[in-house]
2 protein chains.
Amino acid sequence: MATATRERIVQTSADLFRRQGFASTGVKQIVAEASAPFGSLYHFFPGGKEQLGAEVIRWSGALYGQLIDAFFIPGADVVSATHAFFAGAAQTLRETDYADACPIATVALEVSSTSEPMRQACAEVFTSWVDAATERLVESGLPRKRSRELAISMLASLEGAFVLARATRSTEPVEIAGAACTASVRDAVAARRAKGAAAHRRKR
Amino acid sequence: MATATRERIVQTSADLFRRQGFASTGVKQIVAEASAPFGSLYHFFPGGKEQLGAEVIRWSGALYGQLIDAFFIPGADVVSATHAFFAGAAQTLRETDYADACPIATVALEVSSTSEPMRQACAEVFTSWVDAATERLVESGLPRKRSRELAISMLASLEGAFVLARATRSTEPVEIAGAACTASVRDAVAARRAKGAAAHRRKR
DNA sequence: CCTCCAGTAGATAGATCGCTCTAGCTGGCG
DNA sequence: CGCCAGCTAGAGCGATCTATCTACTGGAGG
């Protein structure tokens with residue numbers, strides 16, 4: 001396995017960055033926790049810690065992006081999917097002692113004013129998440145513009161709820177934000193149905 | 001002025017922490033930027049960087065908490081206040097090149113798994129903000145439970161929108177989150193009015 | 001067989017980290 | 001005036017940071 005070490009470095013870094021952030025995680029700590037030789041880190045990432053950071057952001061982003069597709073299955077009810085999504089996040093928080101929230105939010109805030117390549121990586125990930133969620137909502141019959149708005153405000157609510165939850169060590173913010181988002185999605189679906197029904201009535 | 005230096009240290013730290021976070025800000029950088037003697041930092045903050053951090057969190061929290069009272073003036077319309085609050089946040093972001101968002105969110109995410117005293121300071125600040133917003137909504141006639149839910153989901157939306165906005169260098173998330181929150185408040189007010197009208201009708 | 005090179009391994013450089021320490025300065029009070 | 005806190009001022013400590021450097025290993029290909 002040629003790239004096993006490289007992968008282990010990325011995974012371990014992702015874990016540490018999520019918990020303590022980018023700046024407070026040393027490269028020594030990474031290689032130690034990953035049981036990787038120190039030299040290998042700079043062999044695989046000649047750009048140093050910054051290159052590793054950018055790659056970790058993209059890797060975590062892709063991994064967590066799959067969660068969106070896992071919850072918002074085409075054909076299934078988007079309202080209950082939204083509720084389940086937030087409920088799942090709350091459960092994960094509780095199970096991990098409020099450590100596993102968003103894998104990139106901490107790093108995003110840290111670097112968005114100091115490292116342009118890492119900031120861009122974060123922006124790409126967030127955009128990809130918004131796009132994915134938007135598509136799932138469009139597929140469920142909502143207008144594209146409304147879907148995008150919902151996707152953005154859902155992601156914002158979740159990210160913000162994570163901030164509050166980790167600081168207060170309570171899942172209440174996640175649950176309340178989840179309820180609000182679920183209600184918004186329900187309203188959007190109902191509005192769409194009403195409009196569809198009106199159009200249907202008009203047709204005949 | 002006996003405590004001018006101390007205050008300058010706190011203000012400068014608040015500025016730096018907000019931009020680059022806690023870990024990436026060195027004490028040397030703080031005293032340099034604050035034009036303060038190095039010894040003074042440890043004179044005023046014998047507990048070192050952690051004590052300074054906790055104090056900066058509380059100080060910034062109190063300062064920004066006043067914004068809530070500035071926007072949600074007793075007697076004024078809460079719906080337009082909500083809209084103005086988010087619009088103001090978006091404008092500040094634009095004016096400061098996406099640097100001045102939440103003064104403590106970055107630090108909160110960084111320390112909530114590593115420093116218990118600083119995590120508690122963050123928790124206290126967030127709680128105080130939620131409490132303040134809740135009171136303003138209660139005063140405008142909304143039920144307390146609903147007010148608290150609105151306050152929490154508004155704060156979460158704003159914090160998350162800040163994360164997205166800083167990373168993508170766009171105020172769109174703030175504007176969309178603001179629109180969603182404004183709609184929620186409007187709905188809550190409308191529901192209250194309907195209920196009040198029903199009670200009124202029932203009465204006579 | 002030997003060559004070659006990706007990957008392993010870690011010593012070490014050079015800068016910076018948070019922090020301690022001592023000495024000097026200054027303004028108000030006895 | 002002399003004295004004593006409160007504060008200023010910065011040299012310097014040990015630790016730790018990122019990154020570079022050289023040396024070694026093991027297996028695939030000529």
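Quantities reported herein were computed from a predicted structural model and do not represent experimental measurements. Throughout, a chain's letter reflects where its sequence line sits, starting with A, and its residues are numbered from 1.
We find that CG of Leu41(B) is positioned 11 Å from P of dT8(D), with the value rounded to whole Å. The nearest whole Å value for the distance from the CD1 atom in Ile9(A) to the P atom in dA6(C) is 17 Å. Per the geometry, CD belonging to Gln29(B) stands 15 Å off P belonging to dC19(C), to the nearest Å. Rounded to whole Å, the distance from CD1 on Ile30(B) to P on dG18(C) is 8 Å. Atoms CD (Gln51(A)) and P (dT18(D)) sit 15 Å apart, rounded to a whole Å. Between the P atom of dT18(D) and the CZ atom of Phe45(A) lies a distance of 15 Å, rounded to the nearest Å. One atom, NE2 of His43(A), and another, P of dT25(D), lie 18 Å apart when rounded to the nearest Å. What separates CZ of Phe44(B) from P of dG18(C) is a distance of 19 Å, to the nearest Å.
Here the side chain of Arg148(A) pairs no donor or acceptor atom with the backbone of Thr134(A) at under 3.5 angstrom.
Taking the ring pair (Phe, Tyr, Trp, His ring centres under 6.0 Å) definition, one finds that Tyr42(B) meets it with Phe38(B), sequence neighbours left out. Remark: Phe86(B) pairs with no residue by the ring pair (Phe, Tyr, Trp, His ring centres under 6.0 Å) rule, at least two apart or across chains. Under the salt bridge (charged side-chain N to carboxylate O under 4.0 Å, His left out) criterion, Arg186(A) pairs with no residue, sequence neighbours left out.
Of the residues in residues 15-26 of chain B, none has a non-hydrogen atom less than 4.0 angstrom from any atom of DNA chain D.
Annotation: salt bridge (charged side-chain N to carboxylate O under 4.0 Å, His left out) contacts involving residues 153-166 of chain B, sequence neighbours excluded, are absent. Listed by first then second residue, pairs satisfying salt bridge (charged side-chain N to carboxylate O under 4.0 Å, His left out) with a partner in residues 56-66 of chain B read Arg58(B)-Glu124(B), not counting sequence neighbours.
At a threshold of 4.5 Å between non-hydrogen side-chain atoms, the residues Glu135(A) and Arg144(A) count as touching.
Proximity of Thr5(B) to the phosphate of dC7(D): no side-chain N or O atom is located under 4.0 Å from OP1 or OP2. One finds no side-chain N or O of Ser40(A) lying less than 4.0 angstrom from the OP1 or OP2 phosphate oxygen of dG7(C).
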Residues 17-36 of chain A side chain polar contacts: donor-acceptor under 3.5 Å, at least two apart:
| unit_1 | atom_1 | unit_2 | atom_2 | d |
| --- | --- | --- | --- | --- |
| Arg18(A) | NE | Asp100(A) | OD1 | 3.3 |
| Arg18(A) | NH1 | Tyr64(A) | OH | 2.7 |
| Arg18(A) | NH2 | Asp15(A) | OD1 | 2.6 |
| Arg18(A) | NH2 | Asp100(A) | OD1 | 3.4 |
| Arg18(A) | NH2 | Asp100(A) | OD2 | 3.4 |
| Arg19(A) | NH1 | Asp15(A) | OD2 | 2.8 |
| Ser24(A) | OG | Gln20(A) | O | 2.7 |
| Thr25(A) | OG1 | Gly21(A) | O | 2.7 |

Side-chain polar contacts of residues 67-77 of chain A - donor-acceptor pairs under 3.5 angstrom, sequence neighbours left out - could you list them?
| unit_1 | atom_1 | unit_2 | atom_2 | d |
| --- | --- | --- | --- | --- |
| Asp69(A) | OD1 | Arg136(A) | NH1 | 2.5 |
| Asp77(A) | OD1 | Val79(A) | N | 3.3 |
| Asp77(A) | OD2 | Ser80(A) | N | 3.2 |
| Asp77(A) | OD2 | Ser80(A) | OG | 3.1 |

Pull out every protein N or O sitting under 3.5 Å from an N or O of nucleotides 19-23 of chain D, one pair per line with the distance.
| unit_1 | atom_1 | unit_2 | atom_2 | d |
| --- | --- | --- | --- | --- |
| dA19(D) | OP2 | Tyr42(A) | OH | 2.9 |
| dA19(D) | OP2 | Lys49(A) | N | 2.9 |

